[in-house]
Amino acid sequence: MHGSERLDGADELDVMRKVAAGDAAAYRTLVDAHLPRIVRFSERFLGSSAEAEDVAQETFLRLWTAASGYEPSARPLTWLYRIAHNLCIDRFRKRKPETQVDENQEGGDRPSGLMMRKQTSEQVQKALAELPERQRAALTLVHYEGLPGIEAAQVLEISVEALESLLSRARRTLRESLKTLAPDRGKESP
Amino acid sequence: MTEPSTTPEPMSLTRFSALVDAYGAELARWPEMEEAAARVLLEREPEANRLLSEALSLDGLLDAYEVADPRPRVRAKVLEVPIAAERSKRKLGWRLAWAVAFSSLIGVVSGAYTATDLDTSADDEEWTELAAVSFYADVDLSDEDLP
């Protein structure tokens, strides 16, 4: 994880107030703290780094222009994830079906090492892209971004119970779609 | 004041199964309040360990999907947002000023044109009058014809 990503809750609120007042230095602090997370989340959601970068740019533009409308009922990071999530959904729905995932991955001879990990990564990316939007968002926020359930639920504006249901369904579908990879490529049991 | 109990409420296997289904094998991802109870259950329940191992396999696969940190170029672009926003606000102000100036100019020009047009109308009226005069000039308007 990026070293400059830590920002305590109280500090974060203070920084947010300064951003709302047009303080560019405070804005820079928030960018350094949260940009990598927003890009990673968007890339996992959209499956495209170029689009993820566009979403991140738009997310921070909204932060700058609408910070005065921020209500501290949720952390600024949660608020940013929510903006990014909505932008991702807009983009995803505007896409043509064939551009959703890069499926140009043909298997040849049995790969090994780095190549195998790359192929696994691509298959997971594809399986993730095939999940319904909300399941994908829930899994990305909790599994990849490490958000506590309660914060992920705030981002998606649902209850924790609904989040857990989305996560269970997502993991069930992924277990099924990735079962050909599971026996020898997962982590070892403890 | 009594000390809060350090022993967590016991967790059922059903609840453990629901949590492992949702959050996977990494207990740090689980709701903080249920983590301790889950650890207690894991110590005494083999089935809980089996469920955790199953989930660990899927976690491992998911972790294989890594994405790189954003390129420095992206950070630079995002940091430019306030400058660009300020620039576009100023540009909008100028555009607005130009629009006002332009529409004022249009107003003046069209006003001048309309005034010229009114003069032409006056000329037209003069011509109508002259035509009428020349028409009546051909008619004999002697005094006896008049009422």
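Side-chain atoms are counted along with the backbone in the values below, which use heavy atoms only and exclude waters and symmetry mates. So that the names make sense, note that chain A is the first sequence line, chain B the second, and so on, each numbered from 1.
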Should [X] and [Y] count as side-chain neighbours, where that means a heavy-atom distance under 4.5 Å?
X: B:Asp21; Y: A:Arg171; answer: no
X: B:Arg71; Y: A:Glu53; answer: yes
X: B:Leu19; Y: A:Glu164; answer: yes

Salt bridge flag under 4.0 Å for residues B:Asp63 and A:Arg117: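 Looking at A:Arg117 together with B:Asp63, the answer is no, because their closest N to O distance does not fall below 4.0 Å.
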Any idea which of [options] has the most non-hydrogen atom pairs under 4.5 angstrom with chain B?
options: A:Ser121, A:Ala138, A:Ala127; result: A:Ser121
options: A:Gln57, A:Glu58, A:His143; result: A:His143
options: A:Ile150, A:Ile38, A:Val39; result: A:Val39

Member of B:Val67, B:Val74, B:Asp69 meeting the side-chain contact (heavy atoms from CB on, under 4.5 Å) criterion with A:Pro36: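 That would be B:Asp69; it is the only one of B:Val67, B:Val74, B:Asp69 passing the side-chain contact (heavy atoms from CB on, under 4.5 Å) with A:Pro36.
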A:Tyr144 side chain vs B:Glu66 backbone, donor-acceptor pair below 3.5 Å: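 Side chain of A:Tyr144 to backbone of B:Glu66, a donor-acceptor pair under 3.5 Å: no, none is there.
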Check: B:Arg75 side chain, A:Asp32 main-chain N or O, donor-acceptor pair, under 3.5 Å: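 Side chain of B:Arg75 to backbone of A:Asp32, a donor-acceptor pair under 3.5 Å: no, none is there.
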Toward chain B, the part of [X] with a non-hydrogen atom under 4.5 Å:
X: A:Val142; answer: both
X: A:Leu166; answer: neither
X: A:Phe60; answer: both
X: A:Leu139; answer: side chain

Any pair counted as ring-ring contact (aromatic ring centres under 6.0 Å, His included), so long as it reaches residues 37-56 of chain A, sequence neighbours left out: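 The answer is A:Phe41-A:Tyr81, A:Phe45-A:His85.
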More than 12 heavy atoms of other groups within 6.0 Å of A:Arg82 CZ: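 Yes, the 6.0 Å shell around CZ holds more than 12 heavy atoms from other groups.
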B:Glu32 atom CD, neighbour heavy-atom count above 12 within 6.0 Å: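 Open.
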Most contacts with chain A, counted as non-hydrogen pairs under 4.5 angstrom, among B:Leu79, B:Val78, B:Val20: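 Ranked by contacts with chain A, first place is B:Val78.
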Structural part of B:Pro82 lying under 4.5 Å from a heavy atom of chain A: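 Both backbone and side chain.
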same_hphob_cluster(B:Val40, B:Leu42) at 4.5 Å side-chain heavy-atom cutoff: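 Shared cluster, no.
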Minimal non-hydrogen separation, A:Leu167 against B:Ala22, with atom names: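 Residues A:Leu167 and B:Ala22, closest heavy atoms: CB-O, 3.2 Å.
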Members of residues 11-18 of chain B whose heavy atoms come closer than 4.5 Å to chain A: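 Near chain A, by residue number: B:Arg15, B:Ala18.
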Point-to-point distance, once rounded to the nearest 0.5 Å, from CG of A:Leu174 to CG of B:Asp59: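 Between A:Leu174 CG and B:Asp59 CG, I get 11.0 Å after rounding to 0.5 Å.
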Between B:Tyr65 and A:Glu122: side-chain donor-acceptor atoms closer than 3.5 Å: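 Absent: no donor and acceptor within the cut-off.
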